[in-house]
Amino acid sequence: LMQLVESGGGSVQAGGSLRLSCAASEYSYCMAWFRQGPGKQREAVASINIGRGGSTYYDDAVKGRFTISQDNAERRMYLQMNGLKPDDTAMYYCAARRRICSGLHDADSYPYWGQGTQVTVSS
């Protein structure tokens with residue numbers, strides 16, 4: 001049974017930073033961060049193929065501000081978020097699948113999900 005647990009969310013001022021973490025109970029080939037803000041559909045933020053030299057992918061809205069990374073030995077994934085904006089306010093979810101990623105991919109391609117961690121950015 002795959003379990004994913006997110007942590008690191010919180011409330012920050014615009015321009016601030018947060019680092020999200022996702023711990024996985026089992027190995028996966030690709031992990032991703034999704035978010036869903038108020039009145040918006042769930043959208044992919046970033047994805048990463050697990051292992052050394054894994055490819056990463058980013059949504060245009062976060063390129064240059066967010067960095068996805070992973071620690072394979074610990075089965076843990078991170079999302080470093082810098083230069084946060086009010087539009088980044090959302091519930092952030094960790095997702096995983098046992099297939100390699102070639103992009104962000106749709107939410108329904110990820111069978112394993114965490115329960116989410118809230119990120120609130122104030123202006």
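Residues: numbered from 1 along the sequence shown.
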**Request:** Could I get the full list of side chain to side chain contact (heavy atoms under 4.5 Å, CB included) partners for Pro86, not counting sequence neighbours?
**Result:** Ala14, Val121, Ser123
**Request:** Check which hydrophobic residues are tied to Tyr110 through side-chain heavy-atom contacts below 4.5 Å, counting indirect links as well, and list them.
**Result:** Phe34, Met91, Tyr93, Trp113
**Item:** Side-chain donor or acceptor of Asn49 paired with backbone N/O of Cys101 under 3.5 Å
**Value:** yes
**Asked** For Ser28, what residues pass the side-chain hydrogen bond (donor to acceptor under 3.5 Å, both in side chains) criterion, not counting sequence neighbours?
**Response** none
**Complete:** Residues at least two apart in sequence or cross-chain that pass side-chain hydrogen bond (donor to acceptor under 3.5 Å, both in side chains) with Ser17, listed by chain then number, are Asn82
**Item:** Partner set under side-chain hydrogen bond (donor to acceptor under 3.5 Å, both in side chains) for Ser109, not counting sequence neighbours
**Value:** Arg97
**Request:** List in chain and number order the residues that pass salt bridge (Lys or Arg N to Asp or Glu O under 4.0 Å) with Arg65, two or more places apart in sequence or in another chain; answer none if no residue qualifies.
**Result:** Asp88
**Complete:** For Gln13, the side chain to side chain contact (heavy atoms under 4.5 Å, CB included) test, sequence neighbours excluded, returns Ser122
**Residues that Arg76 engages under side-chain hydrogen bond (donor to acceptor under 3.5 Å, both in side chains), provided they are two or more places apart** = Ser21
**Request:** Only counting residues at least two apart or in another chain, list the ones meeting side chain to side chain contact (heavy atoms under 4.5 Å, CB included) with Ser102.
**Result:** His105
**Asked** Between Thr117 and Gly9, is there a donor-acceptor pair closer than 3.5 Å when you use the side chain of the first and the backbone of the second?
**Response** yes
For residues 37-48, which side-chain N or O atoms pair as donor and acceptor with protein atoms under 3.5 Å away, sequence neighbours left out?
unit_1 : atom_1 : unit_2 : atom_2 : d
Glu43  : OE2    : Arg35  : NE     : 2.8
Glu43  : OE2    : Arg35  : NH2    : 3.3
Ser47  : OG     : Gly103 : O      : 2.8

**Request:** Measure from the side-chain N and O atoms of Asp71 to the backbone N and O of Ala73, and report whether any donor-acceptor pair falls under 3.5 Å.
**Result:** yes
**Prompt:** Who passes side chain to side chain contact (heavy atoms under 4.5 Å, CB included) against Arg98, sequence neighbours left out?
**Reply:** Met2, Glu26, Tyr29, Tyr112
**Prompt:** According to the disulfide bond (SG atoms under 2.5 Å apart) rule, which pairs have a member within residues 55-95, sequence neighbours left out?
**Reply:** Cys22-Cys94
